[in-house]
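Along the sequence shown, residues carry numbers from 1. Atoms within a ligand are numbered from 1 in the order they appear, just like the ligands themselves.
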Amino acid sequence: MMRKVVDFLVIGSGIAGLSYALKVADHGKVCIITKAKADETATKYAQGGIAAVMYTPDTYEKHIRDTINAGDDLSNPDIVRIAITESTERVKELVDWGVDFDKKKSGRYDLHKEGGHSEFRVLHHKDKTGAEIERALLDKIKSHPNIEILENHFTVDIITQHHLGIDVNRRTEGITCYGAYVLNPDTREIHTILSRITLLATGGAGMVYGNTTNPEIATGDGIAMVYRAKGAVENMEFIQFHPTTLYDPDEKPSFLITEALRGFGGILKTKEGYEFMHKYDSRGSLAPRDIVARAIDNEMKISGDDFVCLDCRHLDRNELIKHFPTIYAKCLSIGIDITRDMIPVVPGAHYICGGIKVDEFARSSILHLYATGECASTGLHGANRLASNSLLESAVFSHRAALDSKEKFRNIKLREDIPEWNAEGMILNEEMVLITQSLKEVQSIMTSYVGIVRSNLRLQRALERLAIIYRETEDLYNKSILTVKLCELRNIIMVGYLIIKMAMARKESRGLHYSIDYPHPKKDDHIPTGGNGLSDY
Ligand code: FAD
Ligand code: SIN
């Protein structure tokens, strides 16, 4: 068993983990753990871009207002102000690190506009912005002598007093993180990595649902780890469904058709070619995502069709191909020429607004544990995330986490008395079907009962079905030699449970959480955010 000691343990190699690592690496030894290849992240698949205030007529106040409006007034205004007013600086830093955002002939950035934005403010690299960011950050990371990356290593749990035999519950004060237990799937060994400071940057949880834009790594591991460690998790009911993923039942995860294409003039239509968005919102195809996704869901229910369409046929052919080469090529590969054919689209699970509760320096409720990126809940997004605010949030709060970590880490003592992971008596589970079938069932339950439109009855049914799979999976976990798939299933169930419980607790329709039992949103009757009131399993 390997035992490693570092100053900073970073779990995740997307924009959140990498940008933090680059900032702390000049001060101490950094180890980045990533469960797949380093670039296999949601970051790599981001298309539209990163929102930031760059030029007039845009202003910080306008971006702040758009963010709060999209969030249905549930965002934390102080956090929104921090994120937006620091946006320009963070974008300039990405450029300094080598990210190449598209420019116009004039030399100014070519800014796009997406749903809910009142100005053009989305910096992009064609329609593959995330891949460009991931490339630039990894290039810098790989040449830094203080940073080690362990690829294909899976973090099972963060280490706290619980692992020293001390009883920890949700009311315990001073729960402290000492590092993490990490599985090497090749050897089946679980390593103990001790750290002064740990950052969770484990990304989202789209795999909880059957149809998602998220890569397979998005299984909510960090959120589940914190909840198991009795840390605070909040706002899990706010799942963003992207309105336009390419309809192709044979492809998982679903390919995203960026919202920037609607910003560029693409129009949503039924299969028969009728525009429908004006029935739902005066902003038409560029209304905020929750409204567009619900409208599409409704149109599909009315018509019985499996998809609606995005029509780009009226747009300038050359410009369309120049700005959206990846989408053009992808659609062409399945026989759709977007300059001549409408693109069949359906909504898919895309982003989780809630997660590990953190403060303005990304500190979680567990000491010496920070969380940034999609796994964290800073309060920026409220009940719905404004498009392209996620890469921005990751950059801003990883920066702030780094500032706080650099100041504190020298005064944090390493704990040498942490025991090795105990795998005594565990047996190898030879029946993969026990895991794959349960995963399909969870995804089906969540898609059918906890999707774009919910009800009290559907949520209750989902909870009862999930409880059965939870018990079966815990039994398996308690006797098995650990595998990545088993741990991921366990985390997906945990995240599903948190989404359902928090959706049940929210007795209103708000932002991304829409329930037919509360059809008329009550703006002044907010329930407080914060997820610590949930019962444990
Ligand atoms: P990720 O980039 O997902 O990285 C997570 C990392 O954690 C991975 O390295 C993974 O291997 C690792 N990890 C997870 N669990 C474990 C574990 N147990 N052990 C070890 N490692 C682990 N946002 C925007 O702002 N603009 C966009 O244009 C945009 N487009 C998007 C398009 C798509 C198709 C998708 C899926 C998302 C898009 N988003 C966009 C959202 C945005 O990309 C993500 O929210 C953001 O990239 C998250 O970054 P992250 O660093 O938090 O996580
Ligand atoms: C998109 O390009 O439509 C995705 C943007 C985002 O998720 O922020």
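Shortest non-hydrogen contact noted between I33 and V182 is CG2-CG1, 4.0 Å. Closest approach of F264 and L315 over heavy atoms only: O-CD2, 3.6 Å. A pairwise comparison of heavy atoms in A16 and T372 identifies CB-OG1, 3.5 Å as the closest pair.
Which parts of ligand 1 touch F154 is read off a 4.0 Å heavy-atom cut-off, strictly below it: atoms 18 (N), 19 (N). Near M225, the atoms of ligand 1 lying under 4.0 angstrom from a non-hydrogen atom of the residue are 18 (N). Atom numbering of ligand 1 starts at 1 in the shown order; those under 4.0 Å from a heavy atom of G373 are 52 (O). Atoms of ligand 1 lying under 4.0 Å from at least one heavy atom of A201, given by number and element, are 5 (C), 6 (C), 7 (O). Less than 4.0 angstrom separates some heavy atom of H153 from each of these atoms of ligand 1: 19 (N), 20 (C). The contact set between ligand 1 and N214, taken as ligand atoms under 4.0 Å from a residue heavy atom, comprises 36 (C). Every atom of ligand 1 with a heavy atom of R385 under 4.0 Å away is listed here by number and element: 23 (N), 24 (C), 25 (O). Those atoms of ligand 1 with a heavy atom of G48 less than 4.0 angstrom away are 28 (O).
Residue contact check for ligand 1: G130 places no non-hydrogen atom closer than 4.0 Å to it. Taking 4.0 Å as the cut-off, E259 does not count as a neighbour of ligand 1 on heavy-atom distance. Within the structure, the closest approach of I15 to ligand 1 falls below 4.0 Å when heavy atoms are considered. Ligand 1 has no atom lying under 4.0 Å from any heavy atom of I50.
Donor-acceptor pairing under 3.5 Å is lacking for the side chains of K230 and T160. Remark: the D66 side chain and the S118 side chain contain an N/O donor-acceptor pair separated by less than 3.5 Å. Residues E86 and Y60 have side chains that never bring a donor and an acceptor to within less than 3.5 angstrom of each other. Donor-acceptor pairing under 3.5 Å is lacking for the side chains of D102 and H323. Side-chain contact, N384 with Q240: a donor N or O sits under 3.5 Å from an acceptor N or O.
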>> Between T129 and H124, is the side-chain hydrogen bond (donor to acceptor under 3.5 Å, both in side chains) condition met? List the steps.
In response: CA-CA 5 Å; T129 312; H124 61 96; 5.2 Å; no
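Of the protein's non-hydrogen atoms, the one nearest atom 35 (C) of ligand 1 is H350 CE1, 3.5 Å.
D359 pairs by the side chain to side chain contact (heavy atoms under 4.5 Å, CB included) definition with F361, R363, not counting sequence neighbours. Listed by chain and residue number, nothing satisfies the side-chain hydrogen bond (donor to acceptor under 3.5 Å, both in side chains) test with R188 (two or more places apart in sequence, or in another chain).
Annotation: Y351 places no N or O atom under 3.5 Å from an N or O atom of ligand 1; distance criterion only. Backbone and side-chain nitrogen or oxygen atoms of D221 are examined, and one is located within less than 3.5 angstrom of a nitrogen or oxygen of ligand 1. In terms of polar-atom proximity, S390 is counted as a contact of ligand 1, with an N or O under 3.5 Å from an N or O of the ligand. Close N/O approach between G49 and ligand 1 is found [any backbone or side-chain N/O within under 3.5 Å]. Where the criterion is an N or O separation shorter than 3.5 Å, residue side chain and backbone included, T213 fails it with respect to ligand 1. Checked against a 3.5 angstrom limit, the closest N/O atoms of Y45 and ligand 1 fall outside it. Considering backbone and side-chain N/O atoms, A16 comes within less than 3.5 Å of an N/O atom of ligand 1. When only interatomic distances are considered, the shortest N/O to N/O separation between A38 and ligand 1 does not fall below 3.5 Å. Taking any N or O of L392, backbone or side chain, none lies under 3.5 Å from an N or O belonging to ligand 1. Some N or O of L391 is nearer than 3.5 Å to an N or O of ligand 1, by distance alone.
The number of heavy atoms from other shown groups lying within 6.0 Å of NZ (K4) is above 12. Within a 6.0 Å sphere centred on CD of E216, other residues, nucleotides and ligands contribute 12 heavy atoms or fewer. Other residues, nucleotides and ligands contribute only 12 or fewer heavy atoms inside 6.0 Å of the NZ atom of K140.
Looking at L256 against ligand 1, only its side chain comes within 4.0 Å, counting heavy atoms. Proximity of K128 to ligand 1, defined as any heavy-atom pair under 4.0 Å, is not found for any part of the residue. When non-hydrogen atoms are compared, ligand 1 lies under 4.0 Å from the backbone of Q47 (N, CA, C, O) but not from its side chain.
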Measure and list all N/O to N/O distances between ligand 2 and the protein that fall under 3.5 angstrom.
| unit_1 | atom_1 | unit_2 | atom_2 | d |
| --- | --- | --- | --- | --- |
| ligand 2 | 2 (O) | G48 | N | 3.0 |
| ligand 2 | 2 (O) | T258 | OG1 | 2.5 |
| ligand 2 | 3 (O) | H242 | NE2 | 2.7 |
| ligand 2 | 3 (O) | T258 | OG1 | 3.4 |
| ligand 2 | 3 (O) | E259 | N | 2.7 |
| ligand 2 | 7 (O) | R289 | NH1 | 3.1 |
| ligand 2 | 7 (O) | R289 | NH2 | 3.3 |
| ligand 2 | 7 (O) | H350 | NE2 | 2.7 |
| ligand 2 | 7 (O) | R385 | NH2 | 2.7 |
| ligand 2 | 8 (O) | R385 | NH1 | 2.8 |
| ligand 2 | 8 (O) | R385 | NH2 | 3.3 |
| ligand 2 | 8 (O) | S388 | N | 2.6 |

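Legend: ring pair (Phe, Tyr, Trp, His ring centres under 6.0 Å) pairs involving residues 369-398, not counting sequence neighbours, sorted by first then second residue: Y351-H381.
Taking 4.0 Å as the cut-off between side-chain N and carboxylate O, E420 and R3 count as a salt-bridged pair.
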